[in-house]
Amino acid sequence: MSPRETTEYDPAAVESKWQAHWAERHTNEPDLDRPARPYYNLMMFPYPSAEGLHVGNMFAFTGADIYGRFQRLQGYAVFEPIGYDAFGIHSENYAITIGTHPAKLIPKNIAAFRNQLHRLGGMFDWRHELATTDPKYYKWTQWLFLQLYKAGLAYKKRAAVNWCPKDKTVLANEQVIDGRCERCGTPVEQRFLEQWFFAITKHAQRLLDNLDRLDWSDSTRTLQRNWIGRSEGAELTFETPAGQKITVFTTRPDTVFGATYLVLAPEHPLVETLTAREQQTAVRGYQREAQSKDVVTRRVGGGDTTKTGVFLGSYVRNPATGESIPIWIADYVLMEYGTGAIMAVPAHDERDHEFATKFNLPIQPVVKGHKGGALPFVADDGVLVNSGAFDGLSCAEARNKIVAWLAERGAARARVQFRLHDWCISRQRYWGPPIPIIYCEACGVVPVPEKDLPVILPLIEDFRPDDSGVSPLARHQEWYFVKCPQCGAQARRETDVSDTFLDSAWYFLRYPSTEFDDRPFDPARTKTWLPVTTYIGGNEHAVLHLLYSRFTTMVLKDLGHVSFEEPFPKLRAHGIIVKDGAKMSKSRGNVVVPDAYINQWGADTFRMYLMFLGPFQEGGDFRDEGITGIRRFLEKVWVLVHEVTSASGDLPKVVVSKLHQTIKKVGADLESLQYNTAIAAMMEYVNVVRSAGCTDRRAVEPLVLMLAPFAPHLVEECWELLGHKTTVFDAGWPKHDDALAAMGDVEIVVQVNGRVRGRLSVTRGVSQQDVETRAFADESVKKFLEGKAPKKVVYVQDRLLNVVV
RNA sequence: GCCGAAGUGGUGGAACUGGUAGACGCGCUGGCUUCAGGAGCCAGUGGGUGCAAGCCCGUGUGGGUUCGAGUCCCACCUUCGGCACCA
């Protein structure tokens, strides 16, 4: 082969050419029914905002796509689908802002996203694109709801919920950040509404236990663990003179002798009967006050918030001491956690201590031997005092013994408590899948029969939410009134739609089966492709999306619909791209629009640049200073390919060893998503090849293969220039040979007392004897030995020799 | 307050199970080329000192372990992320 004339590298031409080829030749469409080695490479699907894909999305998708392409090169049939998480308050609010309808807005946004995703050059199987707003999709979201309902895991209850007065909707606990709505920042209020819940807490222990056997990063698992929040403790029962029982939850039953008063949440159902007549006015006033407080004032502030509370005017008997102690209500006790009542141990709990100090309640220490002095000390490593027969026991010992002792008298039982709450899925909004439930006077709550699914979200003009706490759908009588599926009488529909997180809690099951209209996921396809081989996404979803998806999969397993209970055995979280140290957002005005970069530099350069910015799993600050470095590198590869010569003679040793080292390193880096160092390694290799003046095909082709996941368009073009007829992604990953990688000389560092005093170039595997001989002959080494005899010599093969004198 | 991650040149970042700190890139400096600008190519680029070979210092701070510490241990400081009156 003779060197060919180098044409100019024109990314736009190359990229559109290969994108067209991939589509025509079905390059990215694996055989879903009979794949040789199936590999489900999943990335978290985007919410199609009106702003289009931003740099952060592109960063995430590029990193995930590189991973998929690498697996493809290793011979897997890689299924890499993409879709749109298109329902939700985001879209609805934006539509309201710009005066349009979400049903008009979303298709436009999706079209723009699709276009951008094409340009980025992802290995997407476009046959299986999906949108959660498609009735063919949300039919099965509703089906999923029905399965949970039938299994007794979906229930309705009147509950205190987080209400956003601006978005006019209920929020899940997870959507409340610092007491504020995660979207608009408005302080969240408490409201009491009938809501649909999923009983995720029933599976709390399982969700926690399974974490141990998932191949996830520790940090992600820790986030989930903390969110689930398991506490071991006991329920203790306190009795009033009238025989009324109050149960509290505590993690420190060993301190029960120090419980000098009881506190109930203001909403606690027993408050009414426990209130003495003379305290009624004060108590009712306090209850009203607590209820009207928004969640910010009630919850945020931790220790800073001044404690408030009211004495009920009545007493209970401490089951351990037999003493009579007062009962109070205070809003620092939450009705949702434990039993909504606590025993207060002011000597050993900060909050109780603050409260007791303020209201002059007795403080009784029952633990000593702790470090540090002042009350309250939260000592669980000391020994008990003032605790009757239990004095002198360690806290840990006392815990079990006291519970056992009280249990004999029916005043205690061990109990595990979770911080996790049931998942509230109701939304009093328009832009979501209607919850498939019908209310009939005669039959009560009637699930919509599966044959009647989907319950189509009607196209209505006045979709704006109002203050009523009722979905806008309720205003549409023709939709609202419906015949009862059981008795045929006039009935009415549930008007709430479901949480967006329900849409995304099963989409990975749908992708391989998008063409089936009569089933949510085809059993054979599901068996072949699931669970997901590798899931790549942002750590911002470490709790919500990932926990909900695990829960729904667990339920589907129990119901016999799938054969596995963990959908994502292997998860990799990428970092977030920020701009000027802050998350990109329209309001901050720091959104980086990637299209201009793709226009100027091409998708391949941009993809690689994003990956070269820093470690993929850490993310970082976006800047564009270094992009020319990547472009220069790709130009060098382009030139190398054009100047390539046929294989002849032996390759230079430096090239051979560097080549095999590079193949090994790039492969290992790709497997662990360390793309920045993989790119650096390829750059080093190109520098070696160029300075060796090597143009041999055997030096160039493996480089092109390694580069393929990063710069797929350019590489396809190069591969064709090199005379190949099929896609480079069927060519296979190059093999490395450790023996060849070890070819050539190594430099050994000679140290005297740990300081570098000389370097020796030796052949690999040289003996210590030879190195010592040469080292001791070295002038600068000799100088530092000062004629003294070595006390000790440390030798590390092929690395260093350290002489200690 | 609790949990987690991280602090390395002018800059983004490298550094395997403790073994040459600063790979790779950007930027900068000098040179070549060019009418010029740009691009390209070559060389240099942690700080100090020296004509030079070299020497000294250097990975947030202070200790420690070790022949040897960015890496391990102890105590701090700072930044970022998550949770937050969860009993």
Side-chain angles (χ1 to χ4, degrees), chain A residues 177-179 217-227 229-231 233 248-252 255 259 263 298-305 307 330-334 336-345 348-352 354-355 378 417-421 539-540 542-543 575-576 578 581 583 609 612-615 618-630 632-633 635 665 668 674 676-687 747-759 779-780 783 790-805:
Chain A
I177 312 289
D178 287 339
S217 77
D218 288 338
S219 64
T220 308
R221 288 190 295 183
T222 303
L223 283 171
Q224 289 224 345
R225 246 179 231 121
N226 292 347
W227 192 264
R230 184 182 197 272
S231 292
V248 303
F249 174 71
T250 178
T251 54
R252 295 295 306 277
T255 62
V263 189
R298 175 147 177 194
R299 280 202 190 164
V300 175
D304 304 339
T305 310
K307 300 269 183 297
D331 66 5
Y332 79 92
V333 175
L334 309 172
E336 314 91 75
Y337 188 77
T339 60
I342 61 154
M343 63 174 202
V345 185
H348 304 295
D349 182 281
E350 275 182 69
R351 297 153 300 184
D352 298 344
E354 189 194 330
F355 192 82
V378 189
Q417 173 70 37
F418 294 94
R419 211 185 63 98
L420 183 71
H421 290 82
N539 228 349
E540 72 270 25
V543 179
I576 305 290
V578 295
K583 210 170 168 178
Y609 179 62
F612 196 55
L613 220 46
E618 285 169 35
D621 211 302
F622 183 80
R623 72 211 119 80
D624 54 16
E625 282 92 23
I627 197 163
T628 57
I630 294 292
R632 282 178 196 151
F633 169 72
E635 298 266 7
K665 173 152 180 65
Q674 288 166 298
N676 55 333
T677 51
I679 293 168
M682 288 188 283
M683 287 174 166
E684 280 187 61
Y685 177 65
V686 166
N687 291 344
E747 195 175 61
I748 288 192
V749 169
V750 182
Q751 297 180 329
V752 179
N753 290 335
R755 313 188 69 133
V756 182
R757 300 302 181 187
R759 288 158 216 275
E779 281 306 320
S780 57
K783 191 170 97 192
K791 274 191 220 152
K792 184 175 181 182
V793 176
V794 181
Y795 180 65
V796 182
Q797 184 71 51
D798 294 338
R799 278 199 179 270
L800 67 74
L801 182 80
N802 187 12
V803 183
V804 187
V805 291

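So that the names make sense, note that chain A is the first sequence line, chain B the second, and so on, each numbered from 1.
Spacing between atom CZ of A/Arg757 and atom P of B/A53 amounts to 16 Å, rounded to whole angstrom units. Rounded to an integer number of Å, the gap from OH of A/Tyr337 to C1' of B/A84 is 13 Å. At whole-Å resolution of the value, CD in A/Glu684 and P in B/A23 are 9 Å apart. In this structure, A/Arg755 atom CZ and B/C56 atom C1' are separated by 8 Å, rounded to whole Å. The CZ-P distance, from A/Arg759 to B/U20, rounds to 10 Å in whole Å. To the nearest angstrom, C1' of B/G25 lies 12 Å from CD1 of A/Ile627. Put simply, NE2 on A/His348 is 19 Å from C1' on B/C85, counting in whole angstrom units. If you take CD of A/Gln417 and P of B/A87, they are 8 Å apart, rounded to a whole angstrom.
A/Tyr795 places a side-chain heavy atom less than 4.5 Å from the side chain of A/Ile748. Using a 4.5 Å heavy-atom threshold, the side chains of A/Phe612 and A/Met683 count as touching. Residues A/Val794 and A/Gln751 fail the side-chain proximity criterion, which asks for heavy atoms closer than 4.5 Å. For the pair A/Thr255/A/Met343, a side-chain contact is recorded, criterion being any heavy-atom separation below 4.5 Å from C-beta on. Taking the side chain as every heavy atom from C-beta outward, A/Glu540 and A/Ile576 approach each other to under 4.5 Å. Proximity of A/Arg623 to A/Leu613: side-chain heavy atoms (C-beta onward) are separated by under 4.5 Å at one or more points. Here the side chains of A/Asp352 and A/Ile342 are in contact, with some heavy-atom distance below 4.5 Å. You'll find the side chain of A/Thr251 reaches within 4.5 Å of the side chain of A/Phe249, heavy atoms only.
With hydrogens and angles ignored, no donor-acceptor pair under 3.5 angstrom links the side chain of A/Lys791 to the base of B/C67.
Listed for the A/Gln674 side chain is no donor-acceptor partner under 3.5 Å among the backbone atoms of A/Pro615.
No engagement by A/Arg221 is indicated, since no non-hydrogen atom pair under 4.0 Å with the nucleic acid exists. Across all strands, A/Val749 comes closer than 4.0 Å to base atoms (heavy-atom distances). Counting any heavy atom pair closer than 4.0 Å across all strands shown, A/Arg225 reaches no nucleic acid atom. At a threshold of 4.0 angstrom between heavy atoms, the contacts of A/Asp218 with the nucleic acid are absent.
To the nearest whole angstrom, the two P atoms, one in B/G62 and one in B/G13, are 25 Å apart. A gap of 8 Å separates the C1' atoms of B/G68 and B/G18, to the nearest Å. If you take atom P in B/G31 and the same atom in B/A36, they sit 14 Å apart, rounded to whole Å. B/U8 and B/G4 have their P atoms separated by 22 Å, with the value rounded to a whole Å. With C1' as the reference atom, B/G27 and B/U33 are 22 Å apart, rounded to whole Å. Going from the P atom of B/G70 to that of B/G60 covers 10 Å, rounded to whole Å. Nucleotides B/A5 and B/G10, compared at atom C1', are 26 Å apart to the nearest Å. Comparing B/G58 with B/U49, their C1' atoms are spaced 15 Å from each other, to the whole Å.
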Base-pair map of RNA chain B as dot-bracket, where | denotes pairing with a different strand and pairs are Watson-Crick or G-U under 3.5 Å
(((((((..(((......[....)))((((((.......))))))((((....))))..(((((..]....))))))))))))....
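Checking B/C24, B/C85, B/C83 against every side-chain atom of A/Trp227, the shortest atom distance belongs to B/C83. Across B/C55, B/C85, B/C26, the shortest atom-to-atom separation from the side chain of A/Arg632 is found for B/C26.
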Summary of protein contacts for nucleotides 8-19 of chain B, nucleotide by nucleotide, where a base hit scores B, a sugar-phosphate-only hit scores S (4.0 Å, heavy atoms):
----BSS-B--B
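Base orientation of B/G9: syn, since the glycosidic angle falls within 90° of 0.
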Using the side-chain contact (heavy atoms from CB on, under 4.5 Å) rule, take A/Ile679 and A/Ile630 through it: C-alpha gap first, then chi angles, then the decisive distance, then the call.
CA-CA 9 Å; A/Ile679 293 168; A/Ile630 294 292; 4.2 Å; yes
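Put simply, A/Arg419 has a side-chain N or O that comes within less than 4.0 Å of OP1 or OP2 on B/A84. Remark: A/Ser231 is in phosphate contact with B/A87, judged by side-chain N or O atoms under 4.0 Å from OP1 or OP2.
For the pair A/Lys307 and A/Tyr332, the distance from NZ or CZ to the six-membered ring centre is under 6.0 Å and the angle to the ring normal is within 45 degrees.
Mapped onto RNA chain B by nearest heavy atom, A/Leu223 and A/Gly338 fall at different nucleotides, with A/Leu223 at the one closer to the 5' end. Residues A/Asp352 and A/Ser219 both approach RNA chain B. Their nearest nucleotides, taken by heavy-atom distance, put A/Ser219 toward the 5′ side.
Under the ring pair (Phe, Tyr, Trp, His ring centres under 6.0 Å) criterion, A/Phe633 pairs with no residue at all, not counting sequence neighbours.
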